[in-house]
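Every chain is numbered from 1 and lettered A, B, ... according to where its sequence line falls, protein lines coming before strand lines. As the structure is a computational prediction, the values presented were derived from the model and not from experiment.
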Amino acid sequence: MSQIQSLRGMTDLLPDEVHRWNAVENIARKQFGLVGLKEIRTPLLEATELFSRSIGEASDVVGKEMYTFFDRADRSCTLRPEGTASVVRSALQHGLLSQGPQRLWYLGPMFRYERPQAGRQRQFHQLGVEYLGLASSRIDSEVISIAWDLLLSLGLKGLVLEINSLGKAEDRRNYRTCLIEWLQDNFEHLDSDSQKKININPLRILDTKNVDTQKMLKEAPLLINNLCNESLDRFEKVQELLKALEIPFKLNPRLVRGLDYYGHTAFEILSDQLGAQSTVCGGGRYDSLIEELGGADTPAMGFAIGLERLLLILGNSISNDISPDVYFVNKGYQAETNALVLSRKLRAQNISIELDSSGSAFAKQFKRADRSGAKWALVLGDDEVSRGEVFIKRLRNSHDDKSPKQYKISSSDIDQLINFLKDKIKN
RNA sequence: GCGGGCGUCGCCAAGUGGUUAAGGCAGCGGCUUGUGGCGCCGCUAUUCGGGGGUUCGAAUCCCCUCGCUCGCCCCA
């Protein structure tokens, strides 16, 4: 087939689904408005170094999944694989943090070069929240509650919130040494993938999907037993607050987030309806990232929701009604001109109109009017023009509706027509 | 990067070596020179993702290739 197609993993959002996306975005905007978050938009393309420094060279995202290329000036550029690094970069670049803590949200496409599968595309969309400059454990629970409440307000059910604490950098270093030791003692029982990861990224072995490895890992030392008292206290406090908020959660001592910048609270929200890619939302605290990117030592916490996965769970349970208020049936030389002019006047009054421009038989136009979902049809033909009228017909009547089915209004009295339609559309 | 499944009209599909490639939905036209949601009639793939091969003959068999899909790795 020589027909040009979209690139692998880059999907079109066709008109029939875009309205579902809009519905989600509208609800998210409203929810975030309630919390007083401010939206930020950053470029899709960034200097490669931003991601290699923030996400971590050893991570798969940087190691093998980035869309990286050289521009005409030989600068290494990368299509953003996630949003946090860009938001932090932007905040630092524009001195946002010197104006106090920032509570931000963003929405947009991200890019990762992977084999597409259910709930995973190469261009995908994330909705994220970042709290910059706020250290309290109350922030951890607030951020988690924002994610949780957004998903609830979208009507999602069967979600599970899992949390863990990754502690301080020092806790992780101690644990790493102790884990590597244990893994090496049990080397021959590990699957080959896990064997390879021992020295590169041993913590990641913890959330392997290999069943046998999972079983034996039950004996492995746990990160939580290697946390210092301060880290432990902090984690306890977060749990207390989640209980106060009545948000159910599950402790998952093997939850390790994939990006290097996370510490202390880490969380994921999972759905049982997603197949292999069950994480809808992931986030956590990243107190060292801002400093690593050249800012002052500043605490931060955030999360990202995968919109494709979200829409997958939502199915058709959400949508915006995209039907026009009125479908304009019109036929005949003068009538077609008048209909065009009249449509424009009505649209200026915020009445949405789909104007039929096919010139086909009235029967056909009514068929289309019916399918458009409009509740009212405006009809203009030679007869109406000669009588100086506009014919209005109600479509899709319910059985118990006894109000008249059709009306005639003088075409010279635009105001009457406008008021009539506005009144009808409201109901 | 590695495995499994699949690829026939815009969509859903029948067809597994033999004359003109079912059917449904959608679209267009008509029955009804001007009134929808139902019904009926007609039209819409020289071609089966692409390329090569086997054969008198291929959508059907073989090879290569491209794409989709599910899973692994990893993540949202």
Side-chain angles (χ1 to χ4, degrees), chain A residues 1-9 11 14 16 55 58-66 81-84 107-128 147 151 191-194 196-197 200-201 204-205 207-210 256-259 268-271 274-283 302-313 327 329-332 335 356 358-386 391-398 405-406:
Chain A
M1 220 204 314
S2 62
Q3 204 15 270
I4 297 176
Q5 296 186 309
S6 61
L7 263 16
R8 163 173 287 189
T11 53
L14 270 12
D16 279 350
I55 301 172
S59 70
D60 276 27
V61 171
V62 171
K64 58 180 201 191
E65 295 170 1
M66 293 206 301
E82 57 107 37
T84 303
L107 164 67
M110 307 293 164
F111 302 82
R112 268 130 84 162
Y113 195 93
E114 301 177 275
R115 286 288 291 271
Q117 67 185 68
R120 172 153 80 208
Q121 272 82 45
R122 287 184 172 181
Q123 175 177 330
F124 63 104
H125 296 76
Q126 285 188 337
L127 176 63
L151 296 175
D191 59 283
S192 58
D193 275 332
S194 297
K196 278 181 226 154
K197 274 188 274 188
I200 310 165
N201 206 338
R204 296 231 50 93
I205 298 177
D207 56 11
T208 178
K209 280 179 189 160
N210 183 297
V256 186
R257 312 247 51 249
L259 314 180
E268 286 189 5
I269 298 175
L270 305 113
S271 163
L274 278 175
Q277 311 304 324
S278 56
T279 307
V280 205
C281 173
F303 69 79
I305 290 175
L307 284 176
E308 278 77 4
R309 292 183 187 177
L310 183 57
L311 271 289
L312 227 45
I313 311 175
Y327 192 96
V329 171
N330 62 106
K331 186 171 170 63
D356 194 305
S358 66
S360 47
F362 281 86
K364 283 292 163 196
Q365 294 199 38
F366 273 100
K367 197 168 240 175
R368 282 192 282 264
D370 187 55
R371 293 201 180 160
S372 76
K375 293 196 174 58
W376 292 89
L378 235 46
V379 185
L380 205 53
D382 293 334
D383 295 354
E384 285 76 18
V385 170
S386 62
F391 193 86
I392 304 164
K393 178 169 177 172
R394 192 219 320 256
L395 303 170
R396 35 192 66 226
N397 299 43
S398 55
K405 204 181 166 185
Q406 46 198 45

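Under the salt bridge (charged side-chain N to carboxylate O under 4.0 Å, His left out) criterion, Glu114(A) pairs with Arg120(A), sequence neighbours left out. Here Arg368(A) pairs with Asp356(A) under the salt bridge (charged side-chain N to carboxylate O under 4.0 Å, His left out) rule; sequence neighbours left out. Lys64(A) is linked by a salt bridge (charged side-chain N to carboxylate O under 4.0 Å, His left out) to Asp60(A), counting only residues two or more places apart in sequence or in another chain. Applying the salt bridge (charged side-chain N to carboxylate O under 4.0 Å, His left out) criterion to Asp191(A), with sequence neighbours excluded, gives no partner residue.
Out of rU69(B), rA76(B), rG71(B), the shortest distance to the side chain of Pro116(A) is found at rU69(B). Here rG37(B) is the nucleotide among rG67(B), rG37(B), rG71(B) with the atom lying nearest to any side-chain atom of Lys405(A). Of the candidate nucleotides rC28(B), rC68(B), rA26(B), rC28(B) has the atom nearest to the side chain of Arg368(A). Side chain of Arg309(A), nearest nucleotide from rG36(B), rA76(B), rC70(B): rA76(B).
Gln365(A) has its CD atom 16 Å from the C1' atom of rG37(B), to the nearest Å. Rounded to a whole Å, the CE atom of Met110(A) is 10 Å from the C1' atom of rA76(B). In this entry the distance linking OH of Tyr113(A) with P of rA76(B) reads 21 Å, nearest Å. Taking atom CZ of residue Arg371(A) and atom P of nucleotide rG37(B), one finds them 9 Å apart after rounding to whole Å. We find that CG of Leu7(A) is positioned 9 Å from P of rG67(B), with the value rounded to whole Å. Rounding to whole angstrom units, CG of residue Leu274(A) and C1' of rA76(B) are separated by 10 Å. Rounded to whole angstrom, the span from the CD atom of Glu65(A) across to the C1' atom of rC2(B) amounts to 15 Å.
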Stepwise side-chain contact (heavy atoms from CB on, under 4.5 Å) test for Phe362(A) and Val379(A): CA-CA 9 Å; Phe362(A) 281 86; Val379(A) 185; 4.0 Å; yes

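Rounding to the nearest 0.5 angstrom, the gap separating the OG atom in Ser372(A) from the CG atom in Leu395(A) is 7.0 Å. The line from CG of Asp382(A) to CG of Asn330(A) is 11.0 Å long, rounded to the nearest 0.5 Å. The CG atom of Leu312(A) sits 11.5 Å away from the CG atom of Leu307(A) when rounded to the nearest 0.5 Å. Atom CE of Met110(A) and atom CD of Gln121(A) lie 14.5 Å apart (nearest 0.5 Å). The CG atom of Leu270(A) sits 4.5 Å away from the OG1 atom of Thr279(A) when rounded to the nearest 0.5 Å.
If you find the closest nucleotide of RNA chain B to Ser59(A) and to Ser6(A), the one lying nearer the 5' end belongs to Ser6(A).
When both pairing distances are held under 3.5 Å, rG67(B) makes a Watson-Crick or G-U pair with rC6(B). The nucleotide rG39(B) finds its pairing partner in rC31(B), both defining distances of the Watson-Crick or G-U wobble pair being shorter than 3.5 Å. Across all strands shown, rC72(B) forms a Watson-Crick or G-U wobble pair with rG1(B), both key distances being under 3.5 Å. Pair assignment for rU44(B): none, as no Watson-Crick or G-U wobble contacts are both less than 3.5 Å.
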Pairs under 3.5 Å (N/O, protein and nucleotides 3-6 of chain B):
residue: rG3(B); atom: O6; partner: Arg115(A); partner atom: NH2; Å: 3.3

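Between Gln117(A) and the phosphate of rU69(B), there is no side-chain N or O to OP1/OP2 separation shorter than 4.0 Å.
Base engagement by Asp370(A) is indicated by at least one non-hydrogen atom pair under 4.0 Å involving a base atom.
Contact of Glu114(A) with rA76(B) (side chain to base): a donor-acceptor pair of N or O atoms is detected under 3.5 Å.
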Base versus backbone protein contacts along nucleotides 30-35 of chain B [heavy-atom cut-off under 4.0 Å; B, S, -]: ----BB

